[in-house]
Amino acid sequence: MGVDLQSSQSNLQILLREQWIRAKYERKEFIHSEKQEPYSAGYREGFLWKRGRDNGQFLSRKFVLSEREGALKYFNKNDAKEPKAIMKIEHLNATFQPAKIGNPHGLQITYLKDNSTRNIFVYHEDGKEIVDWFNAIRAARFHYLQVAFPGASDVDLVPKLSRNYLKEGYMEKTGPKQTEGFKKRWFTMDDRRLMYFKDPLDAFARGEVFIGSKENSYKVLEGLPPSTQGNHWQHGITIVTPDRKFLFACETEDDQLEWITTFQKVISRPMLPQEYAVEAHFKHKP
């Protein structure tokens with residue numbers, strides 16, 4: 001079982017197309033420049049419904065995006081002086097997740113905290129408002145990347161503005177000793193980070209695995225070692241890293257094939273210089 005990425009992307013395309021049509025024909029943004037949304041103004045604030053980390057309730061929270069400060073912040077109270085969280089634009093990502101969040105305008109925002117991924121789930125009743133936030137985050141990322149990579153062309157930078165997950169869904173996993181029982185977890189493949197959660201809407205991952213390249217001794221194998229015990233699902237996957245093996249089990253053969261294909265695509269891609277630093281940090285995690 002997994003999230004239907006094609007369905008989610010189809011919903012996103014419908015939402016974006018609807019807002020483009022309204023911008024052109026209802027709001028006349030293309031004719032009257034003063035009516036255009038200031039995505040690239042460098043500052044945006046407003047209220048979004050945010051899912052509570054512990055109780056799962058969506059509550060209205062004030063969000064502020066500031067390029068000058070290089071961060072997206074949110075506040076638990078309107079008059080709060082200090083933000084509840086500061087998310088650096090450098091590590092910010094936003095992706096539409098209507099199926100997971102249960103709202104057609106649901107947006108998942110991720111950032112790094114102590115080099116671990118933190119999830120925030122938000123939505124707005126108005127499709128235009130959530131699309132404007134999405135575009136504002138992408139514009140802020142674009143301006144950050146222009147400074148960070150001064151020699152890069154716009155064509156090179158645009159794919160880095162935001163990214164969809166390569167795959168998400170349930171698998172079973174066991175621990176490093178491979179003697180513990182297998183536990184069902186929700187997995188998300190985000191670029192080279194394979195994260196697992198107890199619940200798809202958890203704020204923090206229970207763990208993260210770095211998936212490098214075949215040149216660096218990473219590989220994916222179909223099946224599990226013969227001595228493996230405790231898996232309820234029968235369609236196994238073994239990921240070999242320079243340090244250890246990770247064992248997973250899928251409910252169906254189709255799931256197994258999709259995960260293996262996803263892992264193979266990542267492993268067949270040579271690592272970028274900055275990814276070696278990420279890999280090194282994973283090796284030194286406590």
Side-chain angles (χ1 to χ4, degrees), residues 2-17 19-20 23 37-42 44 65 67 70-72 87-100 106-112 115 117-120 122 130-169 187-195 208-216 218 258-259 261-279 281-282:
V3 165
D4 185 346
L5 293 184
Q6 285 188 327
S7 174
S8 293
Q9 288 170 2
S10 174
N11 290 338
L12 165 60
Q13 288 170 353
I14 292 169
L15 179 62
L16 293 176
R17 190 183 303 121
Q19 291 307 320
W20 184 89
E37 288 295 330
Y39 301 129
S40 55
R44 183 179 185 86
L65 177 66
E67 285 187 26
L72 172 67
M87 302 160 252
K88 291 183 179 177
I89 290 172
E90 176 185 2
H91 302 300
L92 202 58
N93 186 46
T95 178
F96 284 96
Q97 292 275 27
K100 188 195 284 190
L107 195 68
Q108 180 173 348
I109 297 171
T110 61
Y111 66 102
L112 292 183
N115 206 50
T117 304
R118 166 84 157 92
N119 294 322
I120 288 180
V122 298
I130 205 70
V131 168
D132 286 351
W133 272 104
F134 177 70
N135 284 331
I137 290 170
R138 283 171 57 88
R141 288 269 305 152
F142 183 63
H143 296 146
Y144 162 78
L145 291 167
Q146 282 181 313
V147 174
F149 303 98
S153 69
D154 290 357
V155 174
D156 293 329
L157 296 181
V158 167
K160 301 179 190 300
L161 302 186
S162 60
R163 61 191 181 274
N164 293 322
Y165 300 130
L166 301 179
K167 182 166 173 59
E168 294 192 283
F187 284 82
T188 297
M189 190 75 221
D190 182 10
D191 198 23
R192 290 194 184 273
R193 288 175 183 259
L194 176 65
M195 300 171 283
E208 302 189 29
V209 180
F210 181 85
I211 309 292
S213 66
K214 58 186 178 185
E215 292 88 355
N216 298 85
Y218 290 83
E258 287 176 13
W259 277 112
T261 301
T262 301
F263 293 141
Q264 285 174 336
K265 283 179 182 176
V266 174
I267 289 170
S268 65
R269 198 174 76 223
M271 282 170 59
L272 301 172
Q274 59 266 35
E275 291 175 333
Y276 284 94
V278 177
E279 180 191 40
H281 186 90
F282 269 78

Which distance, rounded to the nearest 0.5 Å, do you find between the NE2 of His281 and the CG of Asn115? 4.0 Å
Can you find a pair of side-chain heavy atoms, one from Thr188 and one from Asn119, that are under 4.5 Å apart? no
State, to 0.1 Å, how close Ala136 and Leu65 come at their nearest heavy-atom pair, and which atoms those are. O-CD2, 3.5 Å
Examine distances only and state if a side-chain atom of Glu208 and a backbone atom of Thr117 form a donor-acceptor pair shorter than 3.5 Å. yes
Is any side-chain heavy atom of Lys167 closer than 4.5 Å to one of Thr261? no
Looking only at heavy atoms, what is the nearest atom pair of Arg141 and Leu161, with distance? NE-O, 3.3 Å
Option from Asp190, Thr95, Thr110 for which side-chain hydrogen bond (donor to acceptor under 3.5 Å, both in side chains) with Arg163 holds: Asp190
Going through the checks in order, is the salt bridge (charged side-chain N to carboxylate O under 4.0 Å, His left out) test met by Arg269 and Asp191? CA-CA 11 Å; Arg269 198 174 76 223; Asp191 198 23; 2.8 Å; yes
Should Val266 and Met189 be marked as a side chain to side chain contact (heavy atoms under 4.5 Å, CB included) after you check the CA-CA gap, both sets of side-chain angles, and the distance that decides it? CA-CA 10 Å; Val266 174; Met189 190 75 221; 4.2 Å; yes
How long is the span from the OG1 atom in Thr262 to the CD1 atom in Ile267, to the nearest 0.5 Å? 11.0 Å
Would you say Gln146 and Asp154 make side-chain contact, with heavy atoms under 4.5 Å? yes
For the residue pair Trp259 and Leu194, establish whether any side-chain heavy-atom pair is separated by less than 4.5 Å. yes
To the nearest 0.5 Å, tell me how far Lys100 NZ sits from Leu107 CG. 11.5 Å
How close do Leu157 and Ala152 get, counting heavy atoms only, and between which atoms? CD2-CB, 3.7 Å
If every non-hydrogen atom of Ser213 is compared with every non-hydrogen atom of Pro270, which pair is closest and at what distance? CB-CA, 4.2 Å
Could you go step by step and tell me if Gln108 and Asn93 meet the side chain to side chain contact (heavy atoms under 4.5 Å, CB included) rule? CA-CA 8 Å; Gln108 180 173 348; Asn93 186 46; over 6 Å; no
Looking only at non-hydrogen atoms, find the nearest pair between Pro159 and Val155 and report the distance. CD-O, 3.1 Å
Is it the case that the side chain of Arg118 and the backbone of Tyr111 share a donor-acceptor pair, with hydrogens and angles ignored and the cut-off at 3.5 Å? no
To the nearest 0.5 Å, how far apart are CZ in Phe142 and CG in Asn135? 13.0 Å
Any idea which heavy atoms bring Ala94 and Ser162 closest together, and the distance? O-CB, 3.6 Å
Could you please spell out the steps behind the side chain to side chain contact (heavy atoms under 4.5 Å, CB included) verdict for Tyr144 and Lys88? CA-CA 10 Å; Tyr144 162 78; Lys88 291 183 179 177; over 6 Å; no
Would you say Leu72 and Trp133 make side-chain contact, with heavy atoms under 4.5 Å? yes
Where does the angle between the aromatic ring planes of Phe96 and Phe134 fall among parallel (under 30°), tilted (30 to 60°) and perpendicular (over 60°)? tilted
Aromatic ring pairing Tyr218/Phe210, orientation class (parallel under 30°, perpendicular over 60°, tilted between): perpendicular
When you compare the side chain of Met271 with that of Asn216, does any pair of heavy atoms fall below 4.5 Å? yes
Between Glu168 and Gln97, does a side chain to side chain contact (heavy atoms under 4.5 Å, CB included) hold up when you go through it step by step? CA-CA 11 Å; Glu168 294 192 283; Gln97 292 275 27; 3.1 Å; yes
